[in-house]
Amino acid sequence: MKRQHDMKATNNPQLNVKTYWDGIYSDPSKRDQYWDRSWRFYKTLEFVKDGDKFLDIGCGIATCVNAVKEKYPNCEVWGTDIAKDTMKVNAEMYPNIKFVGNEVGYLKDIPDNYFDFVFAGEILEHLDDPNLLIKDACSKLKTGGTFVCTTPLDDHVRSPEHTWYFSKEDVEKLFEDNGFTKPEFVDLPNMESSYVIYAKGIKK
């Protein structure tokens, strides 16, 4: 844990377990609340190339991976999430996408040094050790591959599920400590940049 003493903890209890997220994703009234399409997904589509091998870590109900596959049919698209039951439902709904029920830090069923692009949207703030997510992204990417990570900025988004608040400096240090170049911080439209960090880095 290289940087946690510098980051600001929320002091919330850790809610982020498989049963919790399977419950969220299976409740139609909550699915839209957590996983509406947003500018974070649309912006990511601008950086993906048709034919890329694409992985979404923490893919939820498959919003981002499905958007990638729709726009870039030649991409090989994978999604993984702690919610294993939801991954089974996703696989039935989207048979042209590969879904794996693994949690951050234990992505054993996903190949290393394989992907051109890894996305992790609103995952970092849920983890006990945020370094694990960055390490996973690095291990799954080819050298020169792109990693996009989004997370709430400081305490502008509060949730009982969040364990950390991040500054851009925190995210920059996490990238550089775990195998990536200094990230580019991308502005999002419609005020999202005022409360979301969108960081894009390259695997060294």
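Predicted model only: the values in this text are computed from it and were never measured.
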Report yes if some heavy atom in the side chain of [X] is under 4.5 Å from a heavy atom in the side chain of [Y]; otherwise report no.
{"X": "Val65", "Y": "Phe99", "value": "yes"}
{"X": "Leu174", "Y": "Pro130", "value": "yes"}
{"X": "Asp85", "Y": "Ser26", "value": "no"}
{"X": "Tyr72", "Y": "Asp52", "value": "no"}
{"X": "Ile202", "Y": "Thr146", "value": "yes"}
{"X": "Thr80", "Y": "Met87", "value": "no"}
{"X": "Lys204", "Y": "Thr181", "value": "yes"}
{"X": "Tyr42", "Y": "Pro189", "value": "no"}

Could you report the tightest heavy-atom contact between [X] and [Y], atom names first, then the distance?
{"X": "His126", "Y": "Glu161", "result": "ND1-O, 3.3 Å"}
{"X": "Cys64", "Y": "Phe54", "result": "SG-CZ, 4.1 Å"}
{"X": "Gly121", "Y": "Thr150", "result": "CA-OG1, 3.2 Å"}
{"X": "Asp154", "Y": "Tyr165", "result": "O-CD2, 3.2 Å"}
{"X": "Leu141", "Y": "Lys203", "result": "O-NZ, 2.7 Å"}
{"X": "Leu124", "Y": "Cys149", "result": "CD2-SG, 4.1 Å"}

[X] [atom1] to [Y] [atom2] distance, which is reported to the nearest 0.5 Å:
{"X": "Lys168", "Y": "Ile197", "atom1": "NZ", "atom2": "CD1", "result": "7.0 Å"}
{"X": "Phe147", "Y": "Cys138", "atom1": "CZ", "atom2": "SG", "result": "9.5 Å"}
{"X": "Lys43", "Y": "Leu188", "atom1": "NZ", "atom2": "CG", "result": "7.0 Å"}
{"X": "Met93", "Y": "Ile61", "atom1": "CE", "atom2": "CD1", "result": "8.0 Å"}

Next on the checklist: Looking at Lys182 and Glu176, is any side-chain nitrogen of the basic one under 4.0 Å from a carboxylate oxygen of the acidic one?
Outcome noted: no
Item to check | Matching residue for Asp116 among Lys53, Lys142, Lys49 - test: side chain to side chain donor-acceptor pair (under 3.5 Å) | outcome: Lys142
Checklist entry - Run the side chain to side chain contact (heavy atoms under 4.5 Å, CB included) check on Thr86 and Asp81 step by step: do they pass? => result CA-CA 8 Å; Thr86 302; Asp81 199 282; over 6 Å; no
Checklist entry - Can you say whether the rings of Phe47 and Tyr198 are parallel (under 30°), tilted (30 to 60°) or perpendicular (over 60°)? => result tilted
Next on the checklist: Is there a side chain to side chain contact (heavy atoms under 4.5 Å, CB included) between Tyr20 and Ile82? Walk through the geometry before answering.
Outcome noted: CA-CA 10 Å; Tyr20 176 83; Ile82 192 174; over 6 Å; no
Item to check | Residues Asp136 and Ser139: side-chain donor-acceptor under 3.5 angstrom | outcome: no
Checklist entry - For Phe185 and Glu172, what are the C-alpha separation, side-chain angles and deciding distance, and is it a side chain to side chain contact (heavy atoms under 4.5 Å, CB included)? => result CA-CA 9 Å; Phe185 293 105; Glu172 186 174 281; 4.0 Å; yes
For [Y], does its backbone N or O pair with a side-chain atom of [X] as donor and acceptor, under 3.5 Å?
{"X": "Asn102", "Y": "Asp109", "result": "yes"}
{"X": "Asp50", "Y": "Asn74", "result": "yes"}
{"X": "Lys140", "Y": "Ile110", "result": "yes"}

Checklist entry - Should Tyr106 and Tyr114 be regarded as members of a common hydrophobic cluster, given that ILVMFWY residues are connected when their side-chain heavy atoms come within less than 4.5 Å of each other, either directly or indirectly? => result no
Item to check | hydrophobic_cluster_shared for Leu127 and Phe175, side chain cutoff 4.5 Å | outcome: yes
Next on the checklist: Tell me if the NZ atom of Lys71 is crowded by more than 12 foreign heavy atoms within 6.0 Å.
Outcome noted: yes
Item to check | Whether over 12 other heavy atoms sit under 6.0 Å from Tyr195 OH | outcome: yes
Next on the checklist: Could you walk me through whether Thr163 and Asn12 satisfy the side chain to side chain contact (heavy atoms under 4.5 Å, CB included) test, starting with their C-alpha distance in whole Å, then the side-chain angles of each, then the deciding distance to 0.1 Å, before giving a yes or no?
Outcome noted: CA-CA 6 Å; Thr163 58; Asn12 289 332; 5.6 Å; no
Next on the checklist: According to side chain to side chain contact (heavy atoms under 4.5 Å, CB included), who are the partners of Lys69, at least two apart in sequence or on a separate chain?
Outcome noted: Val77, Asn96, Ile97
Item to check | side-chain contact (heavy atoms from CB on, under 4.5 Å) partner of Phe119, chosen from Leu55, Ile57, Asp56 | outcome: Asp56
